[in-house]
Amino acid sequence: MVKIGVLGLQGAVREHVRSIEACGAEAVVIKKVEQLTQIDGLIIPGGESTTMRRLMDKYGFIEPLKQFAGEGKPMFGTCAGLIILAKKIVGYDEPHLGLMDITVERNSFGRQRESFEASLAIKGVADDFIGVFIRAPHIVSVGADVDVLATYEDRIVAARQGQFLGCSFHPELTDDHRMTQYFINMVKETKE
Ligand SMILES: NC(=O)CC[C@H](N)C(=O)O
């Protein structure tokens, strides 16, 4: 069985654990760098990217996570986690992990739409996936190696670049676990 880590510093950690377990995989909440050796893939959850970054610095996660990626291990960033993975963030000089070749914009769906749900067609996942968006970022542009998986109102909201998967919405907050399953399949394929 593959072991999927969920970065457990801040945000929707338990919800991802529940979704991973619903898919029949083992979930490990990652609170210490040493735990990274136990897992085959990592989910960086939604929450608040600036707070998460502060805790990543405090607990020394930045370099070890870059190394984890360097080993080819799959990583999935959802919402704030997507911002953490991105190479560029609109309005900021420096990225966080800077691993996935995308530019993201934070809180980009406007104040009046702080949170909403939308039905999405996600390539390789589902034609009718309910995406829960909470102060969500969107992907402004992608590099040549990045596959756009879903758009909403002409904005990119899910993408994949080889070992990296990212989405603007929270795929762990409903009982539809197909997006989580898609990531688990990426992890299985990498492990084989
Ligand atoms: N639901 C979320 O993860 C929101 C992301 C948050 N707006 C941020 O910029 O980090």
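Side chains are part of it too, since the values below use all heavy atoms of this structure and drop only hydrogens, waters and symmetry mates. All residue numbers in this chain count up from 1 along the given sequence. Just follow the structure's listing: the first ligand is 1, and inside any ligand the first atom is 1.
Both the backbone and the side chain of Glu48 come within 4.0 Å of ligand 1, judged by heavy-atom distances. When non-hydrogen atoms are compared, ligand 1 lies under 4.0 Å from neither the backbone nor the side chain of Thr78.
Heavy atoms from other residues, nucleotides or ligands lying under 6.0 Å from NZ of Lys73 number more than 12. Applying the 6.0 Å contact sphere to CD of Glu94 captures no more than 12 heavy atoms from other residues, nucleotides or ligands. The local environment of OH in Tyr59 is sparse, with at most 12 non-hydrogen atoms from other residues, nucleotides or ligands closer than 6.0 Å.
In terms of protein heavy-atom proximity, atom 10 (O) of ligand 1 is closest to Ser49 N, 2.6 Å. The protein atom (non-hydrogen) at minimum distance from atom 9 (O) of ligand 1 is Arg106 NE, 2.6 Å. What sits closest to atom 2 (C) of ligand 1 on the protein, heavy atoms only, is Cys79 SG, 2.7 Å. Among protein heavy atoms, the minimum distance from atom 7 (N) of ligand 1 is reached at Asn107 OD1, 2.6 Å.
By the 4.5 Å heavy-atom criterion applied to side chains, Cys79 and Pro137 are counted as neighbours. In this structure, the side chains of Ile43 and Glu172 stay at 4.5 Å or more apart for every pair of heavy atoms.
Between Tyr152 and Phe133, the gap from one ring centroid to the other is short of 6.0 Å.
Using a 4.0 Å cutoff on heavy atoms, Met52 does not count as a contact of ligand 1.
Taking every heavy atom of Ile134 and a limit of under 4.0 angstrom, the matching atoms of ligand 1 come to 1 (N), 2 (C), 4 (C). In the vicinity of Ile83, heavy-atom distances shorter than 4.0 Å reach the ligand 1 atoms 8 (C), 9 (O), 10 (O). Of all atoms in ligand 1, numbered sequentially from 1 with element shown, those under 4.0 Å from a heavy atom of His170 are 1 (N), 2 (C), 3 (O).
The option with the heavy atom closest to atom 4 (C) of ligand 1, from among Gly46, Gly47, Ala136, is Gly47.
If you check the side chains of Asn185 and Glu189, you find no donor sitting under 3.5 Å from an acceptor.
For the atom pair CD of Gln67 and CD1 of Ile62, the computed distance is 13.5 Å after rounding to the nearest 0.5 Å.
For Ala80, a nitrogen or oxygen atom sits less than 3.5 Å from a nitrogen or oxygen atom of ligand 1, counting backbone and side chain alike.
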